[in-house]
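Reading through the structure tokens given below for one structure.
For the single chain, residues carry numbers from 1 onward in sequence order.
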Amino acid sequence: MKHDANASMAYFDYFETNTSTNAPIGCRRQVWFNTPATYAAKYRLVLQHKARGIGFYTVDQVDYTRPADVSGMWGALPPVKSDDWFTTI
């Protein structure tokens, strides 16, 4: 696994292989994804820049049968008071 600090994303490369011979087909693929560490970095930026909130769309992809995955992903959220997220105008 590699890490792109500018995007705060993890990724890895692989080559497609022929399923019957396991020989490389020659097509390189790249998969980008978030980890608890990459989410934590993004959440720190949200707090630093006083953004009004966050959102993520992959919460349903966490394996909820694995407690370590659940605590890692949700544990990446910074503890904040509601005043830190919302301001009155």
key: Side-chain (Ser71) to main-chain (Ala68) donor-acceptor, under 3.5 angstrom   =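 Present.
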
task = Go through the structure and list residues passing side-chain contact (heavy atoms from CB on, under 4.5 Å) with Phe33, not counting sequence neighbours.
result =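 Here the qualifying residues are Met1, Ala10, Phe12, Val31, Thr35.
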
Nearest 0.5 Å, what's the [atom1]-[atom2] distance between [X] and [Y]?
| X | Y | atom1 | atom2 | result |
| --- | --- | --- | --- | --- |
| Trp74 | Asp69 | CH2 | CG | 13.5 Å |
| Gln30 | Tyr14 | CD | OH | 10.5 Å |
| Thr38 | Tyr11 | OG1 | OH | 13.5 Å |
| Met73 | Asn34 | CE | CG | 6.5 Å |
| Met9 | His3 | CE | NE2 | 9.0 Å |

query = Of the non-hydrogen atoms in Ala41 and Ser8, which two are nearest, and what is the gap between them?
reply =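 Scanning both residues completely, I find the closest heavy atoms to be CB-OG, 3.3 Å.
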
key: Exercise: identify the closest heavy-atom pair between Val70 and Asp63   =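 Looking at all heavy atoms of both residues, the shortest contact is CG2-O, 3.8 Å.
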
Summary of salt bridge (Lys or Arg N to Asp or Glu O under 4.0 Å) pairs that have at least one residue in residues 1-11, sequence neighbours excluded =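 Found Lys2-Asp13.
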
query = Is any side-chain heavy atom of Arg44 less than 4.5 Å from a side-chain heavy atom of His49?
reply =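 Result no, sub-4.5 Å side-chain heavy-atom pair not found.
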
